[in-house]
Structure formats: C-alpha cells, structure tokens
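Below you will find the structure I want to go over with you.
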Amino acid sequence: MSERLSDEDLLGFLKTLLPVEDWSAAKLRPLPVNYTCRFWWLDATGRVYLIKEFFPGNEENPLYPTLPEQEADALSVLARYDLAPELEAFAQSPAGTPILVYGYAPRREEEIEVGEAAELIGRFAALDEPIPSHQVVPSGYHEVLKSGDDMLALIPQSRKAANLMRLRPETGAVPRREPVRSLVHRSFCLGTILATGDGARLIDWQFAGLGDPVEDIACFVSPGLAMLYGLHPLVAHVEDMFLEHYPHQETVERFLEDRTAYHWRLAAYCLLRHETLSTSNAPAARAYGRALEEEVDLLLRLRQR
C-alpha cells in the first residue's frame, strides 16, 4: 500500500459513493484489523454500512486467496435471495486499494441460532443461479487431500509436517467420485453470519469458489477455523444439532465420509502459515499454531470413532 488511508480521507471518499441523507448524523468507527483487510462501521440513520479495505499481496495464498472482485460478484447476486447484505459500492480508494461497502438494516439482536445457520447455508447450497468469475477450488476427498499434500510440500524441512503426514487420511478410504461444483463460501462459521434487521446474512465472500458444499459444513464444525475467527469451538451436541437441521441430508452423508480430508487439509494450511509467518508476524503465527492444535485433536478423536 503506497499510503495509509486515514479515517478522514475515507469519510470524504464515502460521501461520493453512498446515498446517506444526513452525513452530520453519521458516525464512522474503525474495527479491529485482520490479516487481509481493515474494517469500519458507518452508522447512518436507518442504515448500517460495513467498509472493507483490502490489503494487496494476498491473492496467492495456497488455500484462501483474498479476491475482492469475487466478494463483490457474490454480494451482487446473493442479496437478491436474502443470503447476503446488499453491495453498496466497490471502488478503488484514494490510497489505491480496493474498497468494498455493504449495507443492511440495523440489527435487532446479536445471537444466531445453530438451526438458523444450518437453514441459511442450506438455502445457499440449493441456489441455482450461477455467479460469474469465481475460482475453482478442490472438491471432494481426493482433491482436498492433494491440496493438503501440496501445502506440506512447501515446507519440506518441517519436522511437524512429517508428523502431520502420519495423520493423513488414507487415499483409498473413500471411493473416487465425480467432483461436485457449486458456489461455496469456504470460511462459513458463526463469525461470518451477520444478524441484520431483515434476518441472518452471510458475509466475507472474498475466499469463495466453485467446489463441494461439504466444505462449508466442514468449516462450520472446524475447531481450528473457529479459533481463527476468535470463537469457541462447537461442542458435540451443537455440531449434531447443526447436521440435523441442515436441509440436504445427502450432503451431510457425503460430509461424514469426506470430513477427515477437509480437517487434515486445514491442519496442513495452519502448519504452513504457522511456520512461514513465524519471523514476519509472530502473533498470527501463534494463532495458526493454536488452530493447528485444535484440528489435530479433532483428527485424533475422529480416528477413535
């Protein structure tokens, strides 16, 4: 980034983009920064906006490339089905960084029930309308295992990688199937569901791609992903409740067959990030290390079933 976008500069820029009637009553509030974006809330009369400024250089991530255009494409379609908030603007900021803004009616309550989350992601998985320009991502047990192998190959000297390979699910444990391809969110968890005045909506579409809906179930029950979003992992009965409420039980059955591949692949990713970020971003490396431990513990529990 050539320069840091100040709150004052951002507010002036937003005034050229958004149809806020009374800017004197609007309040801009910065939110915590994550690994790939900065965020702000803009509270206006009768409307709330969330502003995301994307950092450059995150497009080549081996599992979660940050693709702002994909998020804009997804929002522009999914808002019509009450699956995502409305895309208000997608533009280049004065600092030369992508800025995305979505808006929604003020929320009535913060809590999202697990059954509501299952219903929401099930409606999304059943969506027929294609959404353009999305990446194709690994789909199914065998493609997902290979993507985990590819990530561990990037850290060949790692002792922990050798240990993780011992937990790799067996290639022949699941029969090969034709890959399923539909839009998947890929970081679906309670941290990516927004409570709005019009109901629950899915946010954070920058990692989305064309793959198997099983991936979104695996994400929701993943203790490692929950940790990365600052959440507590789901307890067993809540996971069971989510699977019971998911409206497409054939997808749940496929998830139960394939899930070890998805959890092992996420463990491989967390290990890669833990080791490659250790000198450049120690707090992030520690967070990925904790997420790795959670996924490894889950893999060990699944082996005992």
Side-chain angles (χ1 to χ4, degrees), residues 63-64 74 78 81 83 114-131 134-151 167-190 192-193 202 205 207-226 233-270 294-305:
L63 182 59
Y64 289 124
L78 297 174
Y81 296 92
L83 292 167
V114 169
E116 186 179 8
E119 185 273 337
L120 180 65
I121 199 67
R123 284 198 296 115
F124 163 63
L127 185 68
D128 288 332
E129 181 173 349
I131 299 178
H134 274 69
Q135 61 177 329
V136 174
V137 300
S139 170
Y141 184 88
H142 297 91
E143 289 188 6
V144 167
L145 281 181
K146 183 181 183 306
S147 69
D149 291 338
D150 291 344
M151 285 186 282
L167 285 177
R168 185 188 187 277
E170 294 182 8
T171 300
V174 174
R176 291 188 179 273
R177 296 186 290 256
E178 189 69 24
V180 175
R181 298 282 180 214
S182 63
L183 186 68
V184 288
H185 184 280
R186 305 191 69 232
S187 58
F188 175 61
C189 64
L190 288 173
T192 58
I193 306 175
L202 284 164
W205 292 94
F207 309 130
L210 301 175
D212 192 330
V214 162
E215 182 168 3
D216 285 336
I217 299 179
C219 287
F220 192 83
V221 303
S222 162
L225 188 64
L234 299 183
V235 295
H237 80 273
V238 174
E239 176 180 320
D240 292 342
M241 188 185 308
F242 175 80
L243 296 178
E244 289 171 8
H245 280 83
Y246 190 86
H248 311 291
Q249 285 300 302
E250 66 278 8
T251 306
V252 173
E253 291 172 8
R254 204 163 64 249
F255 158 75
L256 294 174
E257 279 194 320
D258 293 356
R259 70 175 301 179
T260 55
Y262 286 93
H263 294 305
W264 184 79
R265 194 256 310 261
L266 183 60
Y269 173 72
C270 290
E294 291 286 346
E295 290 297 310
V296 167
D297 286 347
L298 175 58
L299 286 166
L300 291 172
R301 292 197 302 272
L302 291 172
R303 278 193 164 193
Q304 296 170 0
R305 291 184 181 178

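Because only heavy atoms are used, hydrogens play no part in the values below, and waters and symmetry mates are left out as well, while side chains stay in.
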### Separation between CE of Met151 and SG of Cys270, rounded to the nearest 0.5 Å
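One finds 9.0 Å between CE of Met151 and SG of Cys270.
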### Query
Do any N or O atoms from the side chain of His142 and from the backbone of Val174 form a donor-acceptor pair under 3.5 angstrom?
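Such a contact is found between His142 side chain and Val174 backbone.
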### Task
Side-chain contact test, heavy atoms from C-beta onward, threshold under 4.5 Å: evaluate it for Pro233 versus Glu294 and give yes or no.
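Answer yes - side chains close enough.
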### Summary
Separation between CG (Leu145) and CG (Asp149), nearest 0.5 Å, reads 6.5 Å
### Counterpart residues, side chain to side chain donor-acceptor pair (under 3.5 Å), relative to Thr171 (two or more places apart)
Arg168
#### Entry: Euclidean distance, Tyr269 OH relative to Leu63 CG, rounded to 0.5 Å
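Reported to 0.5 Å precision, the distance equals 6.0 Å.
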### Minimum-distance pair of heavy atoms, taken over all atoms of Ala125 and Tyr246
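In this case the closest contact between Ala125 and Tyr246 is CB-OH, 3.5 Å.
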## Note on the structure
Tightest non-hydrogen contact, residues Ala218 and Phe255, listed as CA-CE1, 3.8 Å
### Message
For Ile131 and Leu210: C-alpha separation, side-chain torsions, deciding distance, then whether side-chain contact (heavy atoms from CB on, under 4.5 Å) applies.
### Response
CA-CA 9 Å; Ile131 299 178; Leu210 301 175; over 6 Å; no
### Summary
Taken in chain and number order and not counting sequence neighbours, the residues that satisfy ring-ring contact (aromatic ring centres under 6.0 Å, His included) with Trp264 are none
### Task
Could you tell me which residues satisfy ring-ring contact (aromatic ring centres under 6.0 Å, His included) with Phe207, sequence neighbours excluded, listed by chain and number?
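With neighbours one apart ignored, the set is Tyr64.
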### Message
Is there a side-chain contact between Phe124 and Leu183 in this structure, where contact means two heavy atoms from C-beta onward sitting under 4.5 Å apart?
### Response
yes
### Pairwise distance CH2(Trp205) to OG(Ser187) - rounded to 0.5 angstrom
9.0 Å
### Message
I'd like to know if the side chain of Gln135 and the backbone of Ala208 have a donor-acceptor N/O pair within less than 3.5 Å.
### Response
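Yes; at least one donor-acceptor contact below 3.5 Å.
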### Task
Taking all non-hydrogen atoms of both residues into account, name the closest pair between Ala261 and Pro169 and its distance.
N-CG, 4.1 Å
### Message
Quick test of your reading of the model: are Asp150 and Lys146 salt-bridged, counting only N-O distances below 4.0 Å?
### Response
yes
### Residues forming a side-chain contact (heavy atoms from CB on, under 4.5 Å) with Pro179, sequence neighbours excluded
Ser139, Glu143, Arg181
#### Entry: Asp212/Arg177 salt bridge by N-O under 4.0 Å criterion
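Between Asp212 and Arg177 there is no salt bridge, as every charged N stays at least 4.0 Å from the carboxylate O atoms.
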### Message
Run Ile193 and Leu120 through side-chain contact (heavy atoms from CB on, under 4.5 Å) and show every step you take.
### Response
CA-CA 9 Å; Ile193 306 175; Leu120 180 65; 4.0 Å; yes
### Task
Apply side chain to side chain donor-acceptor pair (under 3.5 Å) to Glu253 and list each qualifying residue two or more places apart in sequence or on a separate chain.
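Glu253 satisfies side chain to side chain donor-acceptor pair (under 3.5 Å) with no residue once adjacent residues are dropped.
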### Message
In the structure I gave you, are the side-chain heavy atoms of Thr251 and Ile217 within less than 4.5 Å of one another anywhere?
### Response
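Yes, side chains in contact.
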#### Entry: Heavy-atom closest pair, residues Gly209 and Val137
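Between these two residues, the closest heavy atoms are CA-CG1, 4.0 Å.
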Can you give each donor-acceptor pair under 3.5 Å made by side-chain atoms of residues 235-245, sequence neighbours left out, with the distance rounded to 0.1 Å?
{"residue": "Glu239", "atom": "OE2", "partner": "Arg259", "partner atom": "NH1", "Å": "3.0"}
{"residue": "His245", "atom": "ND1", "partner": "Met241", "partner atom": "O", "Å": "2.9"}

### Message
In the structure I gave you, are the side-chain heavy atoms of Leu225 and Phe220 within less than 4.5 Å of one another anywhere?
### Response
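No - every pair of side-chain heavy atoms lies 4.5 Å or more apart.
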### Message
Do Val214 and Val184 make a side-chain contact, defined as non-hydrogen atoms from C-beta onward lying under 4.5 Å apart?
### Response
no
### Query
Out of curiosity, Glu215 CD to Asp258 CG, how far, rounded to the nearest 0.5 Å?
11.5 Å
### Message
Which residues pass the ring-ring contact (aromatic ring centres under 6.0 Å, His included) test with His263, not counting sequence neighbours?
### Response
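Result, ring-ring contact (aromatic ring centres under 6.0 Å, His included) vs His263: none returned.
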### Summary
The side chain to side chain donor-acceptor pair (under 3.5 Å) partners of Ser222 (sequence neighbours excluded) come to Glu295
### Query
Sequence neighbours excluded, which residues qualify as side-chain contact (heavy atoms from CB on, under 4.5 Å) partners of Arg303?
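Partners of Arg303 by the side-chain contact (heavy atoms from CB on, under 4.5 Å) criterion, ordered by chain and then number, come out as Leu167.
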### Query
Which residues pass the side-chain contact (heavy atoms from CB on, under 4.5 Å) test with Ala126, sequence neighbours left out?
His248
### Query
Does anything in residues 118-130 pair up under salt bridge (charged side-chain N to carboxylate O under 4.0 Å, His left out), and if so which pairs, sequence neighbours excluded?
Arg80-Glu129, Glu119-Arg123
### Query
What residues, two or more places apart in sequence or in another chain, satisfy side chain to side chain donor-acceptor pair (under 3.5 Å) together with Ser147?
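Checked Ser147 against side chain to side chain donor-acceptor pair (under 3.5 Å); matches are Arg265.
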### Query
Looking only at heavy atoms, which two atoms of Val221 and Leu234 are closest? And how far apart?
CA-CD1, 4.1 Å
### Task
Measure the OG1-CG distance between Thr192 and Asp216 for me, rounded to the nearest 0.5 Å.
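Going from the OG1 atom of Thr192 to the CG atom of Asp216 covers 8.5 Å.
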